[in-house]
Amino acid sequence: PTTPTDLVTETDLTDILPLVARGKVRDIYQLDAQTLLFIATDRISAYDVVMKNGIPRKGTLLTLLSTHWFRLLAAAHPPLKTHFLTLALPPAVPRALRHRAMQVRRLAPLPVEVIVRGYVTGSAWREYCAAGTVHGVRVAPGLRECERFPGGPMFTPSTKAELGMHDENIHPDKVTSLLGPTLAARLTTLATSLYTTAHAHALAAGLILADTKFEFALSPPTPLPIADDPASSSPLPELVLIDEVLTPDSSRYWPADKYEPGRPQESFDKQFLRDWLSGGGMGGVEGGVEMPAWVVEGTRGRYEEVFERLTGRGLGDWIEELE
Ligand code: ATP
Ligand code: MG
């Protein structure tokens with residue numbers, strides 16, 4: 001076809017490339033020992049359940065938005081390295097997949113989801129109400145739902161669950177024991193400062209970045225934890241930013257002009273889909289959940305609006321420019 005395909009819920013390139021993994025959203029193939037083809041499909045998951053139908057062009061949007069943030073964050077935080085190599089497709093890959101696939105450096109992801117939260121919402125709000133803590137860390141009393149943390153953004157990691165399992169919130173100290181103190185401290189500082197940069201950019205576009213999830217890998221690969229050894233002269237391995245970055249799949253974005261602590265916020269992420277699901281749409285999860293057209297359209301519209309606000313251009317214009 002001459003145009004990129006609008007709806008791709010599954011790819012099969014196994015005739016030409018070894019399949020490394022299928023995630024909830026991405027199909028990942030190996031190009032060579034150091035390089036992956038990282039393809040974002042239009043699959044969408046909520047409460048860790050993948051819907052039967054997809055959101056047209058969502059994968060393209062996630063890929064292009066990630067490249068936007070990779071460029072921006074690398075420029076704002078030298079010498080930050082990312083896994084991004086190019087949007088160019090290797091010759092054998094169908095051209096219909098263009099703009100939703102990127103070539104990335106293959107690395108071993110650290111075993112933690114690097115979540116940074118600026119506001120008390122979602123699972124953090126539930127824990128705070130029940131125990132006065134967030135990921136086991138005591139925070140100021142008297143906060144209202146969705147209020148900004150008075151002490152600044154919090155590093156609130158979780159474990160990386162296997163497909164079909166739920167991630168589990170963990171105390172930051174757990175990361176110190178998993179990675180070693182020096183690496184954990186560097187990870188915390190880097191992730192919080194990336195969040196702060198992104199929060200400022202989003203706010204200038206009228207959006208509040210409430211929280212986000214980063215993933216990192218080590219280059220060169222290094223056994224964990226890394227002991228704190230003052231006698232060691234070997235430098236720490238480099239932290240490389242991988243996966244998707246600051247997309248509506250990995251982040252909560254709220255419209256800034258409607259922000260009001262003390263209640264749940266309207267949002268540009270999967271909340272729309274989650275609300276429909278928890279209102280009864282979940283029905284028979286066993287056979288899979290099919291979103292009605294209005295849920296697909298509502299979700300697509302929200303994703304496209306956040307893309308346009310953050311990049312300053314509509315998805316259609318962006319694709320046209322790349323063609
Ligand atoms: P969700 O994002 O909904 O939690 P998921 O975690 O299954 O789903 P996908 O986005 O479908 O994720 O797949 C991406 C997978 O690729 C993740 O497991 C991530 O850790 C991994 N990954 C990301 N970047 C790299 C990289 N450079 N090298 C190797 N693996 C990577
Ligand atoms: Mg993912």
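All heavy atoms count here, side chains included; hydrogens, waters and symmetry mates do not. Treat the numbers as computed from the prediction; the structure is a model and nothing was measured. Read the numbers this way: they start at 1 and go in the same order the structure lists the ligands and their atoms.
For H135 and F155, the distance between ring centers is not under 6.0 angstrom. In this structure, Y119 has its ring center closer than 6.0 angstrom to the ring center of Y259. Here the two rings, on H83 and F70, have centers that are under 6.0 Å apart.
Around atom 8 (O) of ligand 1, the closest heavy atom drawn from K24, R22, K213, Q30 belongs to K24. For atom 26 (C) of ligand 1, the choice among E244, R105, K160 with the nearest heavy atom turns out to be R105.
Between R106 and D32, no side-chain nitrogen of the basic residue sits less than 4.0 Å from a carboxylate oxygen of the acidic one, so the salt-bridge criterion is not met.
Which parts of ligand 1 touch L36 is read off a 4.0 Å heavy-atom cut-off, strictly below it: atoms 28 (N), 29 (C). Using a 4.0 Å cut-off to heavy atoms of I28, the atoms of ligand 1 that qualify are 14 (C), 15 (C), 16 (O). Residue-ligand proximity, H83 to ligand 1, at heavy-atom distances under 4.0 Å covers atoms 24 (N), 25 (C), 26 (C), 27 (N). Interface atoms of ligand 1 facing V25, defined by a heavy-atom separation under 4.0 Å, are 11 (O).
Of the N or O atoms in I242, none lie within a sub-3.5 Å distance of an N or O in ligand 1. Every N/O-N/O distance between K270 and ligand 1 stays at or above 3.5 Å. No N or O atom of R106 sits closer than 3.5 Å to an N or O atom of ligand 1.
A cation-pi contact, defined as under 6.0 Å to the ring centre and within 45° of the axis, is absent between R302 and F268.
Nearest approach of V120 to R144, heavy atoms of both residues: CG1-O, 3.4 Å.
Both V245 and I208 are assigned to one and the same hydrophobic cluster, defined by single-linkage of ILVMFWY side chains at heavy-atom distances under 4.5 Å.
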